[in-house]
Amino acid sequence: MSKVDFKKELKHLYQPSAQEVSVVDVPAMSFLMIDGAGDPNGTPAYTEAVSALFAVSYALKFRVKKGEPGLDYGVMPLEGLWWAEDITTFNTNDRRDWQWTMMIRQPDFITPDLVEAAMAQTRAKKPLNALSRLRFEPFTEGKAAQLLHVGPFSEEGPKIRRIHDFIVQHGKLSGKHHEIYLSDITKAAPEKWRTILRQPMTCQETP
């Protein structure tokens, strides 16, 4: 059985340049999501959310592989939507007042019934506090500017500013700051962490 890599099928969304800001149109996709607040480094709820998201995502993967449609695929990376009353906090790396939604994209053939079954299976094997906060729903981002950051999260600031400056030149910021975590930070050195930085935007109207 061959293994499907959805990141390759959506290369323009998951393999951006680290040098040049690019604009993409992000279609509607379905995600497992959990909301929370505060600095992820000091918030147990964040760790609990990530654990629950991956546990259910892998439960879904194996249910699909063993049942219908009998397909093997790679679990998609963790993603995060971040926002605050003051958007400039994204440039100062001060995350104490940030709100967040952590999420993992699911293939189009994943249904609410499959999610419910996977959640029940996960709950029976290993009760996780965040399971009660998990939801499955579509998310549409639309037009956005993005850039790949290589290095620790604490050094994202300059590239976030580059994205914001680019957007201001071509339109205006909209939506929530979006990060996609391509690296396993428990295994890779911080200087090698690869994170997609994405910001939704609206373009200037032409006269």
Side-chain angles (χ1 to χ4, degrees), residues 1-35 49-50 52-65 67-83 100-112 114-115 118 134-151 153 156 159-160 162-164 166-167 170-171 173-185 187-188 192-203:
M1 181 184 297
S2 59
K3 188 174 183 178
V4 178
D5 186 343
F6 292 110
K7 295 194 301 298
K8 290 184 177 179
E9 292 188 359
L10 296 169
K11 183 178 179 180
H12 66 297
L13 299 180
Y14 290 95
Q15 296 183 27
S17 168
Q19 305 300 323
E20 300 293 333
V21 177
S22 59
V23 176
V24 292
D25 283 304
V26 187
M29 296 182 286
S30 295
F31 289 82
L32 295 178
M33 297 178 165
I34 298 178
D35 300 324
V50 173
L53 287 169
F54 274 112
V56 176
S57 293
Y58 275 99
L60 281 166
K61 165 190 166 70
F62 291 119
R63 289 186 75 86
V64 168
K65 183 178 180 180
E68 294 293 335
L71 176 71
D72 190 15
Y73 63 90
V75 169
M76 294 294 282
L78 179 70
E79 306 190 25
L81 302 177
W82 303 87
W83 70 99
W100 46 260
T101 298
M102 304 313 296
M103 56 193 198
I104 296 178
R105 190 225 162 184
Q106 303 301 314
D108 294 339
F109 49 76
I110 295 298
T111 65
L114 278 172
V115 172
L134 187 147
R135 67 185 189 279
F136 176 60
E137 64 182 38
F139 174 66
T140 304
E141 195 160 36
K143 191 173 294 294
Q146 64 180 22
L147 189 63
L148 179 67
H149 170 70
V150 180
F153 304 137
E156 290 178 355
K159 285 200 169 178
I160 293 175
R162 280 187 59 191
I163 295 172
H164 287 189
F166 174 91
I167 292 175
H170 297 85
L173 280 70
S174 65
K176 299 170 181 175
H177 175 75
H178 188 169
E179 298 188 354
I180 303 172
Y181 308 104
L182 301 178
S183 301
D184 183 346
I185 65 171
K187 297 179 180 179
K192 295 182 179 180
W193 292 351
R194 300 170 66 251
T195 306
I196 298 172
L197 306 176
R198 182 185 292 167
Q199 177 65 49
M201 63 182 289
T202 55
C203 293

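Since the structure is predicted, the reported quantities are computational estimates derived from the model, not experimental observations. Throughout, numbering of the chain's residues begins at 1 and tracks the sequence.
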Looking at every heavy atom in both [X] and [Y], which two are closest together, and how far apart are they?
X	Y	result
Ala18	Arg162	O-NH1, 4.5 Å
Leu147	Pro16	C-CG, 4.4 Å
Leu134	Ala52	CD1-O, 4.1 Å
Pro77	Tyr14	CG-CE2, 4.3 Å

Exercise. Give the intermediate values and the outcome of side chain to side chain contact (heavy atoms under 4.5 Å, CB included) for residues His177 and Trp83.
Key: CA-CA 6 Å; His177 175 75; Trp83 70 99; over 6 Å; no

Practice problem: Kindly determine whether Asp72 and Val4 satisfy side chain to side chain contact (heavy atoms under 4.5 Å, CB included), including the steps that lead there. | Solution: CA-CA 6 Å; Asp72 190 15; Val4 178; over 6 Å; no

Quiz item: Salt-bridged, Lys143 to Asp25, with N to O below 4.0 Å?
Solution: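 Yes, Lys143 and Asp25 are salt-bridged.
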
Distance-only, no hydrogens or angles: does the [X] side chain make a donor-acceptor pair with backbone N or O of [Y] under 3.5 Å?
X	Y	value
Trp193	Ala188	yes
Lys159	Leu148	yes
Ser17	Gln19	yes

Distance (rounded to the nearest 0.5 Å) between [X] [atom1] and [Y] [atom2]:
X	Y	atom1	atom2	result
Ser22	Phe166	OG	CZ	8.0 Å
Leu32	Leu60	CG	CG	6.0 Å
Ser183	Lys192	OG	NZ	10.5 Å

Quiz prompt | Verdict with supporting geometry, Thr140 and Val26, side chain to side chain contact (heavy atoms under 4.5 Å, CB included) | solution = CA-CA 7 Å; Thr140 304; Val26 187; over 6 Å; no

Self-check item: Verdict with reasoning, Ile167 to Ile163, per side chain to side chain contact (heavy atoms under 4.5 Å, CB included)
Solution: CA-CA 6 Å; Ile167 292 175; Ile163 295 172; 4.0 Å; yes

Is there a side-chain contact between [X] and [Y] in this structure, where contact means two heavy atoms from C-beta onward sitting under 4.5 Å apart?
X	Y	value
Glu179	Ile196	no
Gln199	Leu173	yes
Met102	Leu53	yes
Gln146	Val21	no
Lys176	Trp100	no
Phe139	Arg105	no
Ile104	Val56	no
Thr195	Glu156	yes

Practice problem: Not counting sequence neighbours, which residues clear ring pair (Phe, Tyr, Trp, His ring centres under 6.0 Å) with His12? List them please. | Solution: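 Expected list: none.
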
Quiz item: Excluding sequence neighbours, so at least two apart, what forms ring pair (Phe, Tyr, Trp, His ring centres under 6.0 Å) with Phe6?
Solution: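 Once residues adjacent in sequence are excluded, the partners of Phe6 under the ring pair (Phe, Tyr, Trp, His ring centres under 6.0 Å) criterion are Tyr73.
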
Practice problem: With Met103 as reference, evaluate Met76, Met29, Glu79 under the side chain to side chain contact (heavy atoms under 4.5 Å, CB included) test and give the passing residue. | Solution: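 Among the candidates, only Glu79 passes.
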
Self-check item: For Glu141, salt bridge (charged side-chain N to carboxylate O under 4.0 Å, His left out) partners two or more places apart
Solution: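 Partners of Glu141 by the salt bridge (charged side-chain N to carboxylate O under 4.0 Å, His left out) criterion, ordered by chain and then number, come out as Arg198.
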
Quiz item: Would you find more than 12 non-hydrogen atoms of other residues, nucleotides or ligands less than 6.0 Å from Asp108 atom CG?
Solution: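 Not more than 12 within 6.0 Å, no.
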
Quiz item: For Glu20, does the CD atom sit with more than 12 other heavy atoms under 6.0 Å from it, leaving out its own atoms?
Solution: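 Counting other residues, nucleotides and ligands, CD of Glu20 stays at 12 neighbours or fewer.
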
Quiz prompt | Pair Glu137, Ser30: side-chain N/O donor-acceptor within cut-off below 3.5 Å | solution =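 Short answer, no.
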
